[in-house]
Amino acid sequence: MRLSDYFLPTLREDPAEAQIVSHRLMLRAGLVRQASAGIYSWLPLGLRVLRKVEQIVREEQDAAGAQELLMPTIQSADLWQESGRYDGYGKEMLRIIDRHDREMLYGPTNEELITDIFRQTIRSYKDLSKILYHIQWKFRDEVRPRFGVMRGREFLMKDAYSFDLDYESARRSYNRMFVSYLRTFARMGLQAIPMQADTGPIGGDLSHEFIILADTGESEVYCHKDYLTYDALSEVATDDSDLASTVEKWTSLYAATDEKHDAAQAGELGESLISARGIEVGHIFYFGTKYSKAMGATVTGPDGDDLFPEMGSYGIGVSRLVGAIIEAYHDDDGIIWPDSVAPFSVGVINLRTGDADCDAACEDIVQKLEAAGQDVLYDDRDERAGAKFAKMDLIGLPWQVIVGPRGLKNGVIELKRRATGDREELSVESALSKLCA
RNA sequence: CGGAGUGUAGCUCAGCCUGGUAGAGCACCGUCUUCGGGAGGCGGGGGCCGGAGGUUCAAAUCCUCUCACUCCGACCA
């Protein structure tokens with residue numbers, strides 16, 4: 001992609017409304033634009049990141065045995081009246097009346113709808129267990145949206161729902177999601193810590209929040225410092241005992257959010273206790289038969305009896321993750337994308353657009369990188385070097401290939417790693433082989 | 001939902017107190033000189049000052065209402 005053609009409206013100054021660093025950088029780097037309070041348009045660069053995050057979530061859900069479907073954003077109030085939540089959910093639910101005076105709503109979550117789909121289709125215990133998920137926009141009419149996409153009213157969420165015949169099996173589904181969440185966040189470069197959490201209005205008695213430590217986090221959290229050194233990517237549990245032992249390992253040390261914090265218990269950790277602020281990027285619940293009973297979802301059991309399936313739900317804030325990743329990876333110059341979610345893998349900077357040698361060298365490099373499957377953003381604009389460096393640092397692509405007349409005279413170009421700032425002068429060939437390794 | 005603010009050019013802001021018909025920097029367009037970390041000169045375009053009503057000879061400025069947005073707190077899968 002040529003930067004001269006690309007729709008990338010960056011800002012040189014900080015927008016007045018943005019308080020936290022991720023919000024400022026998302027606006028400045030041209031990722032999003034605010035449409036109204038807590039509602040954002042995703043511009044091309046931001047959408048690329050959102051899609052990358054979404055895809056990692058999808059791959060890990062699939063790997064955990066969950067199956068993707070897609071439910072609508074607009075739901076009928078009827079289902080919510082059945083579950084009893086239509087009145088209980090409160091003003092956070094955006095209610096809509098259609099032309100026939102039917103009560104509709106913009107879904108804040110999907111337990112009712114998925115339970116309805118389940119009861120219409122699954123009849124036998126033999127069809128269990130099932131984990132179904134979708135990645136869909138949600139709307140919660142927050143009283144006070146803030147922090148950009150971190151606490152928007154409209155947000156993209158992955159929500160999965162499990163259906164099992166008994167507690168033991170439900171617990172296995174829970175564990176599967178638990179381990180898959182560890183892997184999902186780790187692939188994005190985030191150290192997410194599972195913490196005991198309140199189950200809130202959604203109900204149930206087993207729940208973990210996945211929290212990333214960050215100064216701008218909304219909640220106060222406490223945990224054992226050893227969590228920071230755990231490696232989630234090595235967790236590839238597939239069978240029951242592996243799952244259970246992984247979950248055991250990740251839940252045995254103290255970790256709790258404010259609501260569940262036990263000062264006495266935490267005090268025993270002494271200097272191993274970390275007290276920090278955290279961003280919630282995922283939340284998993286086991287809630288048993290709450291919805292299956294309320295909505296009459298049953299399967300026929302081995303003895304011919306009607307049985308209520310045991311359920312759980314599992315959420316990941318996909319759009320929030322984009323902000324959370326920036327909170328974790330930035331410096332004074334801009335964003336520093338982890339390779340796995342970067343909107344482009346390489347930025348090629350032509351320091352002297354119009355110079356025949358520079359142009360030819362850049363065209364050649366871009367063509368070869370793209371042929372090797374790299375996503376390349378080529379800054380071919382007629383701008384000064386400083387402006388190009390500043391913009392490339394701001395948008396935070398992992399690698400920069402810097403091509404200028406000075407280096408070309410000596411047969412070299414420069415390869416810069418955004419995260420460390422390290423630069424090395426290389427021949428075009430060795431730079432290419434390094435990038436495509 | 002309580003409390004506090006802010007709405008003036010694409011962005012950051014000045015002007016408002018003390019009414020006299022709108023400014024700066026950056027961005028944008030043209031041009032010249034520049035050219036390895038957001039250069040400089042010259043010229044140019046762009047705003048019914050959030051909206052409605054009122055006071056006045058005259059309102060960005062004073063008054064009333066309203067809308068939007070932001071911040072602190074409460075709330076919050």
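In this text, all values refer to a predicted model and were calculated from it rather than measured experimentally. Chain naming here is simple, since letters A, B, ... match the order of the sequence lines and numbering starts at 1 in each.
Atom-to-atom, CD1 of A:Ile39 to C1' of B:U70 comes out at 16 Å; the value is rounded to the nearest Å. In this entry the distance linking CD of A:Glu424 with P of B:G36 reads 23 Å, nearest Å. One can place CZ of A:Phe147 at 14 Å from C1' of B:C75, the figure rounded to the nearest angstrom. Per the geometry, CD belonging to A:Glu17 stands 13 Å off C1' belonging to B:A68, to the nearest Å. A:Glu414 has its CD atom 13 Å from the P atom of B:G36, to the nearest Å. In this structure, the CG atom of A:Leu11 is 12 Å from the P atom of B:C28, given to the nearest Å. The nearest whole Å value for the distance from the CD atom in A:Glu220 to the C1' atom in B:A74 is 17 Å. Taking atom CG of residue A:Asp382 and atom P of nucleotide B:U31, one finds them 12 Å apart after rounding to whole Å.
Side chain to side chain, A:Ser4 and A:Asp380 meet the donor-acceptor criterion of an N or O pair below 3.5 Å. At a cut-off of 3.5 Å, with distance as the only test, a side-chain donor of A:Lys158 or A:Gln61 sits close to an acceptor on the other residue. A donor atom on one side chain and an acceptor atom on the other are not found under 3.5 Å apart for A:Tyr181 and A:Arg176.
Side-chain atoms of A:Glu13 come within donor-acceptor range of the base of B:G25, with a qualifying N/O pair under 3.5 Å.
Of the candidates B:C35, B:C69, B:C71, B:C35 carries the atom nearest the A:Arg352 side chain, counting heavy atoms from C-beta on. You'll find that the side chain of A:Arg146 is closest to B:C71, out of B:G36, B:C69, B:C71. Looking at the side chain of A:Val143, the nearest of the listed nucleotides B:C1, B:U12, B:G36 is B:C1. Relative to the side chain of A:Ala37, the nucleotides B:C69, B:U12, B:C35 differ in distance, and B:C69 lies closest.
Between A:Arg153 and A:Ser36, the shortest heavy-atom contact is NH2-OG, 4.1 Å.
B:G53 and B:A59 have their C1' atoms separated by 13 Å, given to the nearest Å. Using C1' as the reference atom, B:U34 and B:G41 are 11 Å apart when rounded to the nearest Å.
Within the 4.0 Å cut-off from OP1 or OP2 of B:G2, not a single side-chain nitrogen or oxygen of A:Arg144 is found. A:Gln34 has a side-chain polar atom (N or O) that falls below the 4.0 Å cut-off from OP1 or OP2 of B:U70.
Look at B:A24: its Watson-Crick or wobble partner, with both distances under 3.5 angstrom, is B:U12. In this structure, B:U56 forms no base pair with any nucleotide, since neither Watson-Crick nor G-U wobble geometry is met with both distances under 3.5 Å. Of the nucleotides present, none pairs with B:G45 by Watson-Crick or G-U wobble criteria with both distances under 3.5 Å.
Listed by chain and residue number, nothing satisfies the side chain to side chain donor-acceptor pair (under 3.5 Å) test with A:Arg95 (two or more places apart in sequence, or in another chain). In this structure A:Ser252 satisfies the side chain to side chain contact (heavy atoms under 4.5 Å, CB included) test together with A:Glu248, sequence neighbours excluded.
Residue contacts shown for A:Asp159 are absent, as no nucleic acid heavy atom lies under 4.0 Å away.
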